Each structure stands twice: as C-alpha cells, then as structure tokens.
Amino acid sequence: MSSTKKRRTQLDIGEGLRALSAYGDTPAAARALNPLTGRPFSARYYEILEKRRQLPVYGFLAEVLEAVRSHQTVVVEGETGSGKTTQIPQMLVTAGYARNGKCIACTQPRRVAAMSIAQRVSDELDVRLGEQVGYSIRFEDTTGPLTVLKFMTDGMLLREAMTDPFLERCGVVVLDEAHERTLSTDVLMGLLKELLVQRKDLRVVVMSATLDASKFQKYFDDAPLLRVPGRTHPVEIFYTPEPERDYVEAAVRTAAQIHACEAAGDILVFLTGEAEIEDVCARLRGEATKIGAERGELVVYPLYSSLPPHAQRKIFEPPPGPRIPGGMPGRKVVVSTNIAETSLTIDGIVYVVDPGFSKQKVYNPRIRVESLLVSPISRASAKQRAGRAGRTRPGKCFRLYTEASFKNDLQDQTYPEILRSKMSNVVLTLKKLGIDDLVHFDFMDPPAPETLMRALELLNYLNALDDDGVLTDLGKHMSELPLDPQLAKLLLASPEYSCSNEALSIVAMMSSPQVFLRPKQRQREADEAKTQFSHVDGDHLSLLNAYHAFKHHASDPSWANQNFLAHRSLVSADSVRDQLARILDQRLGIPLVSTDFASPDYYRNIRKAIVAGTFMQVAHLERSGNYLTVKDNQVVAIHPSSVLDAKPPWVCFEEFVLTSRNFIRTVTAVECRWLCEIAPHYYDLSNFPKCEARAELERQYRTILAERKLNKSPKQ
DNA sequence: AACTCATAT
C-alpha cells in the first residue's frame with residue numbers, strides 16, 4: 001500500500017498530460033506500465049483504448065484539463081454519447097488530481113449508473129474494480145485504501161459530507177447529470193459553492209446535458225463552459241395538427257399505425273402510470289390481432305419500476321422475425337413510464353410516441369401535503385423523450401400535441417425537485433452540515449419561504465431544533481438516520497416505550513415500496529391474504545405482523561408472492577432495518593429493546609412510539625361521522641386499503657392522499673390521553689382552534705390534572 | 001370503497 005501511495009504522489013499534471021498524449025500513440029507507449037498499478041497494460045486495455053480515442057470528448061480532454069487547472073469550477077456541457085462521463089473523471093486521475101490521499105468523487109443520480117460506470121472505467125484504466133476505482137452506494141461500498149476514483153450516488157456524497165464537512169478526502173468533485181437537478185445534486189451545489197471559498201485547492205466539474213448549461217455557469221460565478229458534441233442520430237419530429245382529446249386512445253392508435261405503416265424498428269410509448277400502461281398494453285394486444293400477417297407480430301411489453309425484475313428484463317428481448325416468408329419482421333412496443341426517459345435505455349427503439357404527460361410530485365406547503373399529479377411535461381423532457389428514438393439509427397418521434405402547444409404551452413424546463421418537495425429532511429441535513437442561515441443559503445432555485453418555514457416548524461415540534469433554530473442533540477441523532485424526520489423521531493423515541501426492535505421493523509417497512517400487492521385480476525384474493533396480517537389497531541401494526549411473518553418464512557422465497565406480498569420490498573425492508581439497527585446500536589449507542597410479547601402493553605407501547613413521531617398527523621372523528629385533521633381541519637376519510645374496521649375517535653396517519661377524496665393512509669388508532677402526555681407542546685390549547693377535538697382534549701387535560709392531584713394528596 | 005412517476009440516504 002505504501003508503494004502505491006508513493007506512486008500516487010509522484011503523479012503530477014505534467015506527467016498526467018504526457019500519459020494522456022501517449023495513449024496509444026507509439027509502440028513504445030504500448031509497452032508502457034500502468035501508472036496506477038505498476039503492471040504492464042493488458043491487451044484488452046489497448047482494445048478499449050481504440051474505442052475511447054473515437055469518442056467525441058477525446059479531443060477535448062486537454063482543454064477540460066486546462067480549464068480545471070486555471071479555474072476552481074468548470075461546467076462541461078455534453079450530449080448523450082459524448083463519453084464525458086467515463087473519460088473526464090479518469091483524465092483527472094491521470095492528471096494528478098488524486099494526490100496526497102485525496103480522490104476524485106463523481107456523483108450520479110442513480111445507483112445502477114454509479115455501479116456500471118465504475119466497472120467500465122475500471123476496465124478502461126486496466127485496474128480491478130474496488131481497488132483504484134470503486135463505487136459507493138447505499139448498502140454497498142467497493143472503495144478501499146487504494147481508491148483514487150470513486151463513483152457514487154449524489155445522496156451518498158451528501159451523507160459523506162455530514163461526517164467530512166469540508167470534503168477533505170476529495171480533490172475534485174464531479175457532479176454528473178447535473179441537469180436532472182435532483183434534490184441531492186441541488187443541495188450539493190449549494191454546499192460546494194460555500195466550500196470552494198474555504199478550500200482553494202478544491203475543484204468542481206459540473207457536467208450537464210445541453211440543457212441550460214449557462215445557468216450552471218452563471219450560478220458558479222461565470223465558470224468556464226466547455227461544450228462537447230454528442231453522438232446521436234437525427235430524429236424526425238411529427239406533431240398532431242389538432243390537440244388530442246384523449247391521449248390514451250391517441251397513443252394506442254398511433255402505435256398501431258406505426259406498426260401497420262412504418263419500416264422495421266421498435267416503438268417506445270410514454271405514459272404516466274401502472275394502471276394506464278397495463279390498460280394500453282391490453283388494447284394494443286387487441287389491435288395487433290387486426291393487422292395482417294405480412295406486417296409481422298407485434299409484441300407488447302409494459303415497463304414501470306414496480307414491475308418484477310424478470311418482467312422488466314423482457315423489454316431487452318429481440319423482436320420476433322417475419323410471420324410469413326418474405327414478410328416484415330415483427331416488432332416490439334414498450335409502453336413505459338418516465339423510467340425509460342433517463343434510467344433505462346432500450347436498444348433498437350426507432351419510434352417514440354410522446355403524449356406529453358407524466359406524473360410529477362408536487363408539494364403544497366399550505367396543507368403540508370405532497371401529491372402526485374398528471375402534468376404536461378417540459379420541452380426539455382420532450383426533447384429527451386424524442387432522443388430515445390435516435391440511439392442506434394435515425395428515428396421518428398410522434399408528439400400527440402400540436403407544434404404550437406410545444407412552443408407556447410410547455411414550460412422550458414421541468415421544475416427542479418427542490419421546488420416540488422417538502423424540505424424537512426433537507427433542512428435537517430443542512431443544519432447538521434453547519435448551515436444555520438437557510439434563508440440566505442445560495443440554492444440555485446430557492447424553495448418557497450413557506451416551504452422552509454413548514455420544515456423549521458416541523459423540526460421544532462419534533463424537538464430536533466430548539467426555538468432559536470439550533471440543532472438539538474436529538475436533532476443530531478435524527479440527522480444520522482436515513483429517514484424522514486417523523487420516522488426518525490418515532491425510532492429514537494421507541495426505547496422510552498421499550499419497543500425499539502419493533503419500531504425498527506415498522507420504520508423499515510414504511511421506508512420500502514408498497515409491500516401489499518393487489519393485482520387487478522385478483523383483488524379479492526389479495527384482500528383475503530392481507531387479513532392474516534391485520535391488526536385491529538391499525539396499519540402500522542399490520543406492517544409489523546407482515547414483517548414478522550416474512551422473517552418466519554425466510555427460507556421459502558415463494559412465500560411472499562403466494563401471500564400477495566412484494567418479496568422485493570420485504571428484502572429491501574430487511575436491509576434497511578439492518579442498516580438502521582447498526583446506526584442505532586453502534587453509532588448512537590441506543591438500546592434495542594422489546595416489551596414482552598405476552599404483555600398487554602406490547603402493542604400499546606408501539607402505538608405510543610408512533611404517536612411520538614407522528615403527533616402532527618392526527619385526525620379526530622367528528623359527531624358527523626367524518627374525520628377532521630387536527631389543527632388544519634381538513635375533512636379526510638380512512639383509505640379503503642386500511643385494516644382499520646371500526647372508526648376509532650383518534651387516529652394518526654402516515655400520509656395524506658389526494659385522489660377521488662382526501663384519504664389518510666397507513667393509519668393507527670391512538671388514545672387522546674397519549675397525545676396530551678407525549679406531545680403537550682403541540683396539543684397546547686392556548687394555540688388550538690375551537691372544535692370538537694379541542695373539547696375532548698380539554699376534558700382529557702382535566703382528567704389528567706385531577707389524577708395528579710389525587711396522587712399527590714396524602715394517603716388516607 | 002380503493003387509481004403510487006422516478007430517484008436517493
């Protein structure tokens with residue numbers, strides 16, 4: 001290890017440039033030793049090198065390096081296929097920016113990208129993945145003492161910043177796919193902007209697709225902007241002459257027409273959600289039977305994230321051949337959510353059908369609710385969708401809206417996530433990072449003041465921030481947990497109620513995607529299966545029952561699906577639980593305890609811990625038979641998926657769902673008394689609207705007071 | 001009586 005360290009320090013920029021220009025130039029260079037390992041380069045290295053030299057970015061590397069040498073921040077704008085993601089980070093290593101124990105950190109919005117790019121760059125540099133080049137994502141860190149180049153998720157770098165606030169382990173931070181404007185990338189940009197002032201040796205490279213790169217340039221104080229061409233095929237765009245009334249029907253019709261009239265090549269249709277996609281798939285299969293055998297078979301695949309992996313993999317199967325000799329080959333049509341816009345690339349797509357909608361998260365700070373809305377996409381998103389037709393050869397994109405609508409109605413960019421999300425977790429993270437003045441924190445797009453106020457208010461009620469907005473010890477502990485503040489609070493409060501083991505399971509289940517399955521064709525069966533996990537007091541406890549049952553049947557991998565539970569989600573809940581237990585036990589020294597299962601307090605204690613986290617999300621049953629949320633006075637109904645049968649007078653809930661009605665989901669019955677005892681500062685009647693709930697709270701407080709007096713009075 | 005895009009720690 002020490003010899004490698006020495007080698008690493010010997011690399012300087014001059015040597016890096018020499019190494020760079022020597023790549024594949026002469027037979028002498030071909031016999032060179034790999035400066036990273038000291039071993040001769042393999043034959044495979046030279047094979048890959050040939051391909052690398054043909055990437056559009058290759059001719060720009062010296063220019064990028066020069067910009068990094070003379071500026072702290074550089075913005076690189078590069079289209080798909082430019083090679084910037086693989087070439088620029090390794091060029092920085094070769095050029096000596098990973099000296100003195102520092103490394104190059106390159107962020108990606110998605111885990112799979114971090115993993116696959118790390119593998120690719122390891123191959124290109126002729127090193128073993130996990131040694132000089134590695135990746136770091138949640139649950140998996142392949143980096144080690146030799147690592148000089150590390151690919152990681154943006155969320156992971158943000159986590160790292162919490163223990164290394166100056167990012168002293170990083171020589172250069174490369175933010176890739178910055179145009180996606182994920183929550184973590186946006187927070188990192190603000191953080192890095194402050195760090196660059198304090199750490200003059202730090203370098204930042206912001207990489208973006210050709211969307212608004214000048215916005216990044218301006219944000220980073222007129223950093224140099226380098227443009228790298230991409231390598232894609234032209235895509236011809238078609239618009240509808242008139243607006244479409246029903247985009248689902250139009251999508252089916254368009255895809256069927258492509259199959260009937262256009263040359264060979266696969267089709268990608270963008271829709272908004274699972275139900276819509278399954279519906280369109282069924283209709284397309286029907287249409288396909290009407291088309292003559294000379295056109296070849298049409299194979300239809302749905303694609304969305306909750307689809308099991310084996311079904312997702314089907315989209316990569318080659319299309320079928322002709323049905324009759326001399327006929328057209330068959331083709332596949334993939335009907336997908338936005339997952340195919342950025343996360344998954346399907347080779348062979350020549351035709352894209354774009355109805356112009358997607359589901360987007362929106363946050364309403366007034367009612368503190370995040371919800372999903374079907375909304376028109378942005379022009380940037382429309383261009384990205386069209387580009388999916390030109391990956392392998394020239395393609396066509398059919399937009400199911402008018403050209404005028406594209407030009408005049410669509411907004412230029414999708415609103416960044418930071419403007420569409422709750423800020424409670426971000427604020428907690430920033431406080432932990434030592435950023436006290438959130439109002440003046442330099443966000444590229446600052447969230448609405450009301451959204452920040454809501455977050456501060458919530459964290460104050462949870463006792464994560466004191467009245468001056470300073471992080472409390474509890475808040476510090478909460479920030480260590482990869483959870484929403486309410487769930488973190490629930491978990492940290494649970495030892496007081498002797499149920500941290502159970503709280504871990506519940507919180508892990510709530511952090512995982514939908515556990516209970518309900519396929520459209522087998523709803524009754526699914527509902528029946530769910531009853532075996534039902535707990536009379538609500539959904540949190542039913543999740544606990546399901547988790548326990550899963551652990552009990554761990555040896556049988558088919559058990560989950562037979563019982564209409566998502567095996568993938570349960571496995572994910574299990575690893576989340578492991579991670580949380582480790583943080584609690586090893587990092588925070590918090591005891592993992594349970595109440596005796598036979599005790600009548602077993603479930604009551606768990607419900608009290610739930611109140612400790614979610615006392616701000618409580619609804620009260622009115623005499624009218626409706627539930628009203630506490631303080632906000634919104635009329636809500638218990639979601640029909642809830643196991644709660646009776647209508648308990650007080651419930652706390654995990655989420656608020658705005659669909660056909662205002663529903664509350666993941667609901668548990670609680671007692672009025674617990675609200676008064678566990679969260680008196682929130683159920684403070686001097687600050688409480690007049691309503692039925694208030695009257696009941698008043699009665700409860702009088703009872704508690706009377707009992708205290710009784711207990712204090714001397715025994716007779 | 002139900003209608004969760006995607007991603008991350």
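It should be emphasised that the depicted structure is a prediction, and the values quoted were computed from it without experimental measurement. Numbers restart at 1 for each chain; the letters A, B, ... are given by sequence-line order, proteins then strands.
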Q: Please indicate whether A:Phe406 has more than 12 foreign heavy atoms, meaning atoms of other residues, nucleotides or ligands, lying under 6.0 Å from its CZ.
A: yes
Q | Whole-Å distance separating the CZ atom of A:Arg385 from the P atom of B:dA6 | A | 12 Å
(Q) Applying a 4.0 Å non-hydrogen cut-off, can you work out what A:Thr429 is touching in the nucleic acid: base, sugar-phosphate, or nothing? (A) nothing
(Q) What's the closest nucleotide to the side chain of A:Phe663 if the choices are B:dA2, B:dA6, B:dC5? (A) B:dA2
Q: Tell me which of A:Asp484 and A:Glu417 sits closer to the 5' end of DNA chain B, going by the nucleotide each one is nearest to.
A: A:Glu417
Q: Evaluate the criterion side chain to side chain donor-acceptor pair (under 3.5 Å) for residue pair A:Ser378 and A:Ser381; output intermediate values, then yes/no.
A: CA-CA 5 Å; A:Ser378 65; A:Ser381 181; 4.7 Å; no
**Q.** Interatomic distance, A:Glu370 CD vs B:dC5 P [rounded to whole Å]
**A.** 15 Å
**Q.** Among B:dT9, B:dC5, B:dC3, the nucleotide that comes nearest once only the side chain of A:Thr337 is considered
**A.** B:dC5
Q: Give A:Arg159 one of three labels, base, sugar-phosphate or nothing, depending on what nucleic acid heavy atoms sit under 4.0 Å from its own.
A: base
(Q) I'd like to know if A:Asp354 pairs up with A:Arg385 as an ion pair, taking the criterion as any Lys NZ or Arg NE/NH1/NH2 lying under 4.0 Å from an Asp or Glu carboxylate oxygen. (A) yes
Q) Within less than 4.0 Å of OP1 or OP2 of B:dT7, is there a side-chain N or O belonging to A:Thr182? A) no
Q. Which part of the nucleic acid, if any, lies within contact of A:Asp527, taking any heavy atom under 4.0 Å across all strands shown: a base, the sugar-phosphate backbone alone, or nothing?
A. base
Q: Please determine, for the side chain of A:Lys359, which listed nucleotide (B:dC5, B:dT9, B:dC3) has the closest atom?
A: B:dC5
Q) Of the nucleotides B:dA2, B:dA6, B:dA8, which one has an atom closest to the side chain of A:Ser343? A) B:dA6
(Q) Regarding B:dA2, can its base be found pairing with the side chain of A:Arg518 as donor and acceptor, where the two atoms are less than 3.5 Å apart? (A) yes
Q.
In this structure, how many angstroms lie between the P atom of B:dA8 and the CG atom of A:Leu175, rounded?
A. 16 Å
Q: Give the nucleotide from the list B:dA2, B:dA6, B:dT7 with an atom nearest to the side chain of A:Pro640.
A: B:dA2
Q: Ignoring backbone atoms, establish whether A:Thr659 has a side-chain N or O less than 4.0 Å from OP1 or OP2 of B:dC3.
A: yes
Q) Closest to the A:Pro482 side chain: B:dT7, B:dC3, B:dT9? A) B:dT9
Q: Classify the nucleic acid contact of A:Leu158 as base, sugar-phosphate or nothing, counting any heavy atom under 4.0 Å across all strands shown.
A: nothing
Q.
Does B:dA2 have its OP1 or OP2 closer than 4.0 Å to a side-chain nitrogen or oxygen of A:Arg661?
A. no
(Q) Looking at B:dC5, I'd like to know if its phosphate oxygens (OP1 or OP2) sit under 4.0 Å from a side-chain N or O belonging to A:Ser305. (A) no
Q | Between B:dT9 (P) and A:Met510 (CE): distance, integer Å | A | 20 Å
Q. For the atom pair CG (A:Leu462) and CG (A:Leu428), what is the distance rounded to the nearest 0.5 Å?
A. 9.5 Å
(Q) Without decimals, in angstroms, what is the distance between A:Leu481 CG and B:dT9 P? (A) 15 Å
Q) The side chain of A:Arg138 lies closest to which of these nucleotides: B:dT9, B:dA6, B:dA2? A) B:dT9
**Q.** Nearest-Å distance for atom pair CZ/P, residues A:Phe357 and B:dC5
**A.** 16 Å
Q | Salt-bridge contact A:Asp347-A:Arg391 (side-chain N to carboxylate O under 4.0 Å) | A | no
Q. Going by an N to O cut-off under 4.0 Å, is there a salt bridge joining A:Glu249 and A:Arg283?
A. no
Q: Return the value, rounded to whole Å, for the distance between atom CD of A:Glu655 and atom C1' of B:dC3.
A: 13 Å
Q) What integer distance in Å separates A:Ile418:CD1 from B:dT7:C1'? A) 15 Å
Q) From B:dC5, B:dA2, B:dA8, pick the nucleotide closest to the side chain of A:Thr153? A) B:dA8
